[in-house]
2 protein chains.
Amino acid sequence: MIPQQLPATAAPVPGGRVCAHPDRAEIRLEAVLHALSDPMRLRVVRTLAARGVEAACSEVELPVSKSTCTHHFRVLRESGVISQTYRGTSKMNALRRADLEALFPGLLDSVLAAADRQDGRLGGVTGLVRA
Amino acid sequence: MIPQQLPATAAPVPGGRVCAHPDRAEIRLEAVLHALSDPMRLRVVRTLAARGVEAACSEVELPVSKSTCTHHFRVLRESGVISQTYRGTSKMNALRRADLEALFPGLLDSVLAAADRQDGRLGGVTGLVRA
DNA sequence: CTCGTAGTTCGACCGCCGACGTACCATCTG
DNA sequence: CAGATGGTACGTCGGCGGTCGAACTACGAG
């Protein structure tokens, strides 16, 4: 489902591969919290935050299969946490910091800080790969 | 499961009905986020926060059956978000503000603020009962 | 054109989760 | 004691969610 209907009238990318993002007004707090409550997805978000810039799916190493990986990135995108754009053969992911900050001020940062703290407490078991 | 083993040496309450809470060090961020990502539970937390003091289960009106209600309160307790104590025939619930603040500074407040904001945006559909 | 890399899609599996009703227990009030 | 009130325990049901493998598509490099 969600077959991303797009008329040929708008072709932002040469190849024309685009995926649907919720716009700012559609982002729901419960969905964001749910997205962040999964260890894998939280790890993705932390990695993206640590880099500061966008990263390809394959650059965020997750101990799961490719299809599961795709699944998690989609959940993050559909909940409004990240945005995804195709760049050549790979897909770049970026945190939607501005949107999240506008909707839920301080939320993302406190979650990230909380994750870091907990990581420290538990001795880094939570598993964020440090560059 | 989790049959709350407690020796008779400590009897804090006359009747002796107690329930197990995770202590501060055991509270996990993912569990908290998961607990808060459910609309019903978020509603409970917001109601407790709005009151400032503890409230009985029956005082937090939820559009679900009694047993479902019990379930949600248990999830909140086991994730470390609330504490529960028996008081006479009813069970009092309180936010574990101090513990959450110590572990994840600012997190609870930003979630609560985010919920309020979203409530405003969506015209109060989210359904927090205002006293 | 061919190949390799990067993601996607599909179907399946299985566990968990939210919801319910019923039966039950604990406490207070008469 | 009896009854009422407030929660719990248990079993169940339906659906969602995380995981996988296999087949497939899209793009870039030779």
Side-chain angles (χ1 to χ4, degrees), chain A residues 1-4 6 11-20 28 30-44 54-79 81-93, chain B residues 1-4 11-21 28 30-44 54-79 81-93:
Chain A
M1 305 313 158
I2 311 176
Q4 77 217 43
L6 64 139
V13 185
R17 259 197 308 173
V18 201
C19 45
R28 302 275 283 112
E30 296 89 324
V32 170
L33 292 177
H34 173 250
L36 296 178
S37 71
D38 181 275
M40 291 302 154
R41 291 193 290 259
L42 183 54
R43 192 157 150 174
V44 170
E54 56 188 10
C57 293
S58 49
E59 290 184 284
V60 183
E61 35 184 292
L62 295 181
V64 292
S65 69
K66 267 199 306 178
S67 41
T68 304
C69 195
T70 298
H71 163 71
H72 285 308
F73 276 102
R74 178 173 10 154
V75 172
L76 285 170
R77 172 171 46 82
E78 292 180 346
S79 64
V81 177
I82 67 171
S83 63
Q84 301 188 290
T85 55
Y86 287 95
R87 181 111 76 225
T89 163
S90 63
K91 195 173 197 172
M92 305 307 289
N93 305 278
Chain B
M1 305 310 160
I2 311 174
Q4 77 217 42
V13 185
R17 257 195 312 172
V18 201
C19 44
H21 293 73
R28 301 276 282 111
E30 297 90 324
V32 170
L33 292 177
H34 174 250
L36 296 178
S37 71
D38 181 275
M40 291 301 155
R41 292 191 291 258
L42 183 55
R43 192 158 152 172
V44 170
E54 56 189 9
C57 293
S58 49
E59 290 185 282
V60 183
E61 36 184 290
L62 295 181
V64 292
S65 70
K66 269 200 303 180
S67 40
T68 304
C69 194
T70 297
H71 163 70
H72 285 308
F73 276 102
R74 181 178 14 179
V75 173
L76 286 170
R77 172 171 47 82
E78 291 180 346
S79 64
V81 176
I82 67 171
S83 63
Q84 302 187 289
T85 54
Y86 288 94
R87 179 112 77 225
T89 162
S90 64
K91 195 173 197 173
M92 305 307 289
N93 305 278

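Numbers restart at 1 for each chain; the letters A, B, ... are given by sequence-line order, proteins then strands. Note that the structure is predicted; figures quoted are calculated from it, not measured.
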Would you list the protein and nucleotides 2-6 of chain D atom pairs, both N or O, that sit under 3.5 Å from each other?
unit_1 : atom_1 : unit_2 : atom_2 : d
D:dG6  : O4'    : B:T89  : OG1    : 3.1

Are A:C19 and A:R77 side-chain neighbours, meaning at least one heavy-atom pair lies under 4.5 Å?
yes

5'-most contact on DNA chain D (nearest-nucleotide basis), A:V75 vs B:C69, goes to B:C69

What's the separation between atom CD in B:E78 and atom NE2 in B:H21, rounded to the nearest 0.5 Å?
10.0 Å

Is it the case that D:dG21 (base atoms only) and A:S67 (side chain only) share a donor and an acceptor within less than 3.5 Å, ignoring hydrogens and angles?
yes

Does B:T70 have a side-chain nitrogen or oxygen under 4.0 Å from the phosphate oxygens OP1 or OP2 of D:dG7?
no

Looking at B:Y86, does any N or O in its side chain come under 4.0 Å of the phosphate oxygens OP1/OP2 on D:dT8?
yes

Report the distance from atom SG of B:C57 to atom CD1 of B:I82, rounding to the nearest 0.5 Å.
7.0 Å

With the side chain counted from C-beta on, respond yes when A:P63 and A:R43 share a heavy-atom pair under 4.5 Å apart, and no when they do not.
yes

Sugar-phosphate only, base, or nothing, as touched by A:R41 at under 4.0 Å among non-hydrogen atoms
sugar-phosphate

Any A:H71 side-chain nitrogen or oxygen under 4.0 Å from OP1 or OP2 of D:dC20:
no

Using 0.5 Å steps for rounding, measure from the CG atom of B:L33 to the NE2 atom of A:H34.
11.0 Å

With rounding to the nearest 0.5 Å, note down the distance linking CG in B:D38 to OG in A:S37.
11.0 Å

Give the rounded distance in Å between these two atoms: CE of B:M40 and P of C:dG18.
11 Å

Minimum-distance nucleotide (side-chain atoms of B:V64 versus C:dT8, C:dC20, D:dG21):
C:dC20

